[in-house]
Amino acid sequence: MAVQISPSILAADFARLADEAAAVPNADWLHVDVMDYHFVPNLTLGLPVVESLRKATDKPLDCHLMIAEPDRWAPAYAEAGAGSVTIHAEAARAPVRTLREIRALGARAGLALSPATAVEPFEDLLGEVDMLLLMTVEPGFGGQKFLDVVLPKLRRARELVDKHGGRVWLQVDGGVTGETIERCAEAGADVFVAGSAVFGASDPMAAVDELRAAAERAGS
Ligand code: DX5
Ligand code: ZN
């Protein structure tokens, strides 16, 4: 299980996104949090910023859509060149159709579950997804405290993914730090989003290396 680190630009300086992306050359992805003031009580950025960022960095963009109408908007993020587009199960009305559209447009398809959403009802959808995102905070804001209550679900998700061949990546997002990342890796996550722990650090590149090392130690 290869560890991947996806720094969240939510904690970066939005006026200098190209520079901030360049500050983490050792990251696997750039995590882009799209919020619409409806699905979550916060507003961030949308398609125009993703289109510009696509041209400003070679890093693949990991777009996490925290929006009310993902069925309507998700394909446009894939068309804009996102490497991965993740929709929330709580918001999608036609998740199978939308996940298939994302894939057909050449991006990886992700399905996100908020902390209180059970993973078991989505077992039959695993064949439709490339990544399952388990939120380890309530979606909406960076800098929140990691929710340990999600760890048992993460273990169950790892069992389900392995039962179906282990192809699906298991991502955690929210409150991931040098300390909490170990618990996530032990429980079976392999893709780690970190906002404050990377862009809030004095040396973001070193922070990525440290997170990766901690996850590799704990997950092996
Ligand atoms: C929260 C976002 C996260 C956020 C994580 O709703 O989905 O990606 O940027 O920030 P930290 O790592 O600071 O908890
Ligand atoms: Zn996110």
Side-chain angles (χ1 to χ4, degrees), residues 3-37 39-46 49-50 52-54 56-67 82-84 86 88 110 112 114-115 131 133-151 154 169-187 189-219:
V3 166
Q4 300 186 68
I5 307 292
S6 188
S8 168
I9 59 163
L10 185 60
D13 180 349
F14 274 20
R16 302 172 41 252
L17 284 181
D19 295 341
E20 297 279 59
V24 287
N26 51 342
D28 300 280
W29 297 84
L30 267 192
H31 185 82
V32 181
D33 287 306
V34 178
M35 305 187 193
D36 69 346
Y37 241 149
F39 179 64
V40 289
N42 195 6
L43 183 68
T44 55
L45 52 85
V49 175
V50 169
S52 294
L53 198 54
R54 176 62 291 145
T57 175
D58 291 333
K59 274 293 159 225
L61 303 181
D62 166 28
C63 290
H64 175 195
L65 305 187
M66 285 162 277
I67 61 176
S84 173
T86 297
H88 263 267
S114 290
M131 183 168 78
L133 162 53
L134 299 197
M135 291 301 299
T136 42
V137 297
E138 293 292 353
F141 299 92
Q144 300 183 77
K145 193 173 175 300
F146 180 83
L147 295 175
D148 280 282
V149 72
V150 178
L151 289 173
L154 184 53
W169 295 351
L170 208 40
Q171 183 178 65
V172 283
D173 179 11
V176 174
T177 65
E179 183 229 346
T180 59
I181 198 169
E182 297 190 1
R183 309 212 278 283
C184 296
E186 275 164 13
D190 51 7
V191 188
F192 304 86
V193 177
S196 324
V198 170
F199 289 109
S202 53
D203 185 343
M205 198 173 153
V208 169
D209 282 342
E210 284 161 22
L211 287 167
R212 190 189 302 282
E216 283 173 351
R217 261 197 318 272

| task | State the CG-OG distance between L211 and S6, to the nearest 0.5 angstrom. | result | 11.5 Å
| query | To the nearest 0.5 Å, how far apart are CG in L10 and CE in M35? | reply | 4.5 Å
| Spatial distance of atom OG1 (T44) from atom CZ (F14) [nearest 0.5 Å] | 5.5 Å
| request: Say whether, by atom type as modelled, one donor and one acceptor occur between the side chain of E20 and the main chain of D13 under 3.5 angstrom. | output: yes
| said: For a 4.5 angstrom cut-off between non-hydrogen side-chain atoms, does F146 reach C184? | reply: yes
| Point-to-point distance, once rounded to the nearest 0.5 Å, from CG of L17 to CG of L45 | 7.5 Å
| said: Would you say that T180 contacts E182 through its side chain, given a criterion of any heavy-atom pair below 4.5 Å between the two side chains? | reply: no
| With no hydrogens and no angle check, is any side-chain donor or acceptor of T57 less than 3.5 Å from a backbone partner on A22? | no
| query | Is it true that a side-chain atom of K59 and a backbone atom of P25 form a donor plus acceptor pair closer than 3.5 Å? | reply | yes
| Approximate separation, where rounding is to 0.5 Å, of D36 CG and M66 CE | 9.5 Å
| query | Once the angle between the rings of H88 and H64 is folded into 0 to 90°, is it parallel (under 30°), tilted (30 to 60°) or perpendicular (over 60°)? | reply | parallel
| Exam field: side chain T177 to backbone A197, donor-acceptor pair closer than 3.5 Å | no
| note | Of all heavy-atom pairs linking F192 and A215, the shortest is CE1-CB, 3.8 Å
| field | Side chains of V191 and D173 in contact at under 4.5 Å (non-hydrogen atoms) | value | no
| query | Step by step, would you call S8 with D33 a side-chain hydrogen bond (donor to acceptor under 3.5 Å, both in side chains)? | reply | CA-CA 7 Å; S8 168; D33 287 306; 2.7 Å; yes
| remark: Nearest heavy-atom contact between A11 and S196 is CB-N, 3.6 Å
| In Å and rounded to the nearest 0.5 Å, what is the CG to OG distance from L61 to S84? | 10.0 Å
| Within-4.5 Å side-chain heavy-atom neighbours: V198 and V24 | yes
| said: Are the side chains of V50 and C63 in contact, using a 4.5 Å heavy-atom criterion? | reply: yes
| message | Set out, in order, the CA-CA distance, both residues' side-chain angles and the distance that settles side-chain hydrogen bond (donor to acceptor under 3.5 Å, both in side chains) for Q171 and D62, then state yes or no. | response | CA-CA 11 Å; Q171 183 178 65; D62 166 28; 2.9 Å; yes
| task | Determine whether more than 12 heavy atoms belonging to other residues, nucleotides or ligands lie under 6.0 Å from atom OH of Y37. | result | no
| request: Please tell me if the side chains of I9 and L30 come closer than 4.5 Å, counting only heavy atoms from C-beta onward. | output: yes
| request: Taking all heavy atoms of F141 and all of P41, pick out the closest pair and write down the distance. | output: CZ-O, 3.4 Å
| task | Heavy atoms only: give me the nearest L154-L134 pair and the separation to one decimal. | result | CA-CD1, 3.6 Å
| Hey, are the side chains of I181 and R183 touching, using non-hydrogen atoms and a 4.5 Å cut-off? | no
| Side chain E138, main chain S114, donor-acceptor under 3.5 Å | no
| query | Judged by atom type as modelled, is there a donor-acceptor pair below 3.5 Å linking the side chain of N42 to the main-chain atoms of G140? | reply | yes
| query | What is the minimum heavy-atom distance between V193 and V176, and which atoms define it? | reply | O-CB, 3.2 Å
| Note, D190 side chain near Q4 side chain (heavy atom, < 4.5 Å) | no
| task | Walk me through it: do T86 and M131 pass the test side-chain contact (heavy atoms from CB on, under 4.5 Å)? | result | CA-CA 8 Å; T86 297; M131 183 168 78; 3.6 Å; yes
| Worked verdict on D28 versus R212 for salt bridge (Lys or Arg N to Asp or Glu O under 4.0 Å) | CA-CA 10 Å; D28 300 280; R212 190 189 302 282; 3.0 Å; yes
